[in-house]
Amino acid sequence: MKSTARLLQTLVVMAAIGQMPSAWAAAAISEDDLRPHIEILASDAFEGREPGTEGERKTLEYLQAQWKKAGLKAAARDGSWLEPVAMVRRVPVQSSASYHSGKDRLRLSNEDIVLIGLEANSETAAMPTIFVGYGVNAQGEVVADVRDKAVFMLSDRADFLPEKLLSSRSRREALANKGAAAVIAVSGEQFEFTAIKRQFQSRPIRLDSNIGHAPIEGAVSSNYMVALVTAAGGDWDKLRLAAKAPDYAGQLLNSTASFKVETGINRFNSHNIIGKIKGRKSGSGTVMFMGHWDHLGICRPEGAADRICNGAVDNASGMAVLTEVARKLSRGKHDRDIVFVGTTGEESGLLGAKAYAAAPTVPLDSIKVLLNVDTIAIAPRGAKVSIIGRGTTPLDGVIENVARKLGRTIEPSTEANAFLERQDGWAFTQKGVPALMVGGSFADPELLQSFLDSDYHGPDDEAGSAIELGGAAEDASLHVELGKYFASNRKFSGTDKAKGAGE
């Protein structure tokens, strides 16, 4: 016992002075392992890794070579590395909107409205108009009859909304799925019209599917809504106040709407990249690692000093971690399959993750845990370990135990869950898959906010000596150990389901 204690004491001292035995040191991922991947993926040559561009081609070419070198096998549906994701860019070209109340035409300016169609030319005539408040009630149900109507919905969030329907996009999808002919968001205090209009005009990328989309979508300012409601004999202030009720069921606006919309459309295929380490025991299930490879591309106008949003932290760092985790795990033997997925279109609304969740290459109920890696190069060494998704699965204690064995301290709060819907794992959480993000980047709200307020989604998110990789290296090593643990039938039975599965 004394000799064992002396050995442990010696190892602690050696770790402190950087003289760990080679077998121990080899188990860890270093900053030097991660940095070259980030420098390449976030270089100007990759043009910000926007889906559907030359930057995508270069990114996927690089990742295929690195994942193959790391020991992964191609695992897309057709046996290649790449799984196509059908996408579309839509941009408003021109549109007109006219309204009638009885026989009277209502005169409204077209300045404070923006409309976009599913197809190049979309036209509707004399649709009933309805205001639906926040779109759903406290139970998350669309209670208004919106079929074949022009639906006006508040873009702001309400306290009573279910977590999965907080975003205006998710509520718009719910209304579209109930047959709304047009869904138009009304700007408010949280989301100003100029910002919403800019989103529609920025050539956003979407999945090329009609599911969750009304034939016409758009936005109007609150002033526009005041004019429309007042002209039809209503009171906008009373409507908006009534909408605060958790059981609000909507109200017809005593008017009809006719829209004519011209939309520029560009359809293309982007790709998820998928690799695999084959497990020894068939039927044991899957451990999945995920991260998005895409960023915003050339994001500034011609003439700007720096036009490229390189996305070093978001999320070249995540792809670097996945690559090195794959390299470490491929050297061992595991009971379960370990699948690595690099997703496209995360920046446009978790598109690649949603596409995979809708058509997975492995059954969703076989996934024992999904660990998403995103924006990981923020915290220094010694950062606490936070869990995005804490409380949504029965796995928190398991993850904490593995982290503690590596000498990591746990952040027990659920503050990081504020980002639950903003990362790829959310597409799987909604389907009952235990999906989590684990690491130090989201453990310190002030440090994270500093990044969000500065380099995030801008041209200054670049690789270089200033980028913090201490915490990322520790988190990468943690993911290796988590991978080993969850891929072992002996250590982890994998029989637990995600809390709230199917909700």
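Only a predicted model underlies this, so the values are computations on that prediction, with no experimental measurement involved.
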| task | Using atom types as modelled and distance alone, determine if a side-chain donor or acceptor of Glu83 lies under 3.5 Å from a backbone N or O of Arg77. | result | yes
| task | Scan side-chain atoms only and decide if Glu111 and Ser109 contain a donor-acceptor pair under the 3.5 Å cut-off. | result | no
| query | Can you tell me if Glu411 uses its side chain to pair, donor with acceptor, with the backbone of Ser413 under 3.5 Å? | reply | yes
| Residues, nucleotides or ligands: over 12 heavy atoms within 6.0 Å of Arg147 CZ | no
| Between CG of Leu452 and CD1 of Ile378, what distance do you get to the nearest 0.5 Å? | 6.5 Å
| message | Given 3.5 Å as the limit, does a donor-acceptor pair link the side chain of Arg171 with the main chain of Leu154, or not? | response | yes
| message | Using 0.5 Å steps for rounding, measure from the CD1 atom of Ile388 to the CG atom of Leu420. | response | 7.5 Å
| said: Do Val402 and Ile399 make a side-chain contact, defined as non-hydrogen atoms from C-beta onward lying under 4.5 Å apart? | reply: no
| message | Could you tell me if the side chain of Met437 sits less than 4.5 Å from the side chain of Phe419, heavy atoms only? | response | no
| Between Thr129 (side chain) and Ala150 (backbone), is there a donor-acceptor pair under 3.5 Å? | no
| Is the backbone N or O of Leu478 less than 3.5 Å from a side-chain atom of Glu481, with the two atoms forming a donor-acceptor pair by type? | no
| query | Taking atom NZ of Lys178 as the centre, does the number of heavy atoms from other residues, nucleotides or ligands within less than 6.0 Å exceed 12? | reply | no
| query | Any sub-3.5 Å donor-acceptor pair from Arg206's side-chain atoms to Ser348's backbone N or O? | reply | yes
| Note, Asp475 side chain near Val438 side chain (heavy atom, < 4.5 Å) | no
| Is the CD atom of Gln190 crowded by more than 12 outside heavy atoms at less than 6.0 Å? | yes
| said: Going by salt bridge (Lys or Arg N to Asp or Glu O under 4.0 Å), name the residues that satisfy it together with Asp237, two or more places apart in sequence or in a different chain. | reply: Arg240
| field | Main-chain N/O of Thr375 paired to Asp314 side chain as donor or acceptor, under 3.5 Å | value | no
| request: Taking atom types as modelled, find out whether Asn372 and His292 have a side-chain donor-acceptor pair closer than 3.5 angstrom. | output: no
| task | Verify, without hydrogens or angle tests, whether Arg336 (side chain) and Phe486 (backbone) share a donor-acceptor contact under 3.5 angstrom. | result | yes
| Distance in Å, Asn315 CG paired with Ile376 CD1, rounded so as to fall on 0.5 Å steps | 8.5 Å
| said: Does any part of the side chain of Ile196, heavy atoms only, come nearer than 4.5 Å to the side chain of Ser155, both counted from C-beta? | reply: yes
| Does anything in residues 259-275 pair up under side-chain hydrogen bond (donor to acceptor under 3.5 Å, both in side chains), and if so which pairs, sequence neighbours excluded? | Glu56-Ser270, Glu56-His271, Gln94-Glu262, Asp208-Arg267, Ser270-Thr344
| So, Asp374 side chain and Asp424 main chain: donor-acceptor pair closer than 3.5 Å or not? | no
| query | Among Asp396, Thr414, Asn417, which one satisfies side-chain contact (heavy atoms from CB on, under 4.5 Å) with Ile387? | reply | Asp396
Side chains of residues 130-142: which donor-acceptor pairs under 3.5 Å do they make with residues two or more places apart or in other chains?
unit_1: Asn137; atom_1: OD1; unit_2: Gln139; atom_2: N; d: 3.0
unit_1: Asn137; atom_1: OD1; unit_2: Gly140; atom_2: N; d: 3.1
unit_1: Asn137; atom_1: OD1; unit_2: Glu141; atom_2: N; d: 2.9
unit_1: Asn137; atom_1: ND2; unit_2: Glu141; atom_2: OE1; d: 3.3

| Tyr224 vs Tyr99 aromatic rings, parallel, tilted or perpendicular, using cut-offs 30° and 60°? | perpendicular
| field | Close side-chain approach of Val313 to Asp455, heavy-atom, < 4.5 Å | value | no
| query | Is the side chain of Asp444 donor-acceptor paired with the backbone N or O of Glu446 at a distance under 3.5 Å, no angle test? | reply | yes
| query | Applying the side-chain contact (heavy atoms from CB on, under 4.5 Å) test to Pro51, which of Thr59, Asp294, Leu351, Val85 qualifies? | reply | Asp294
| task | State whether a side-chain donor-acceptor pair under 3.5 Å links Glu346 with His295. | result | no
| Which of parallel (below 30°), tilted (30 to 60°) and perpendicular (above 60°) describes Tyr356 and Phe428? | tilted
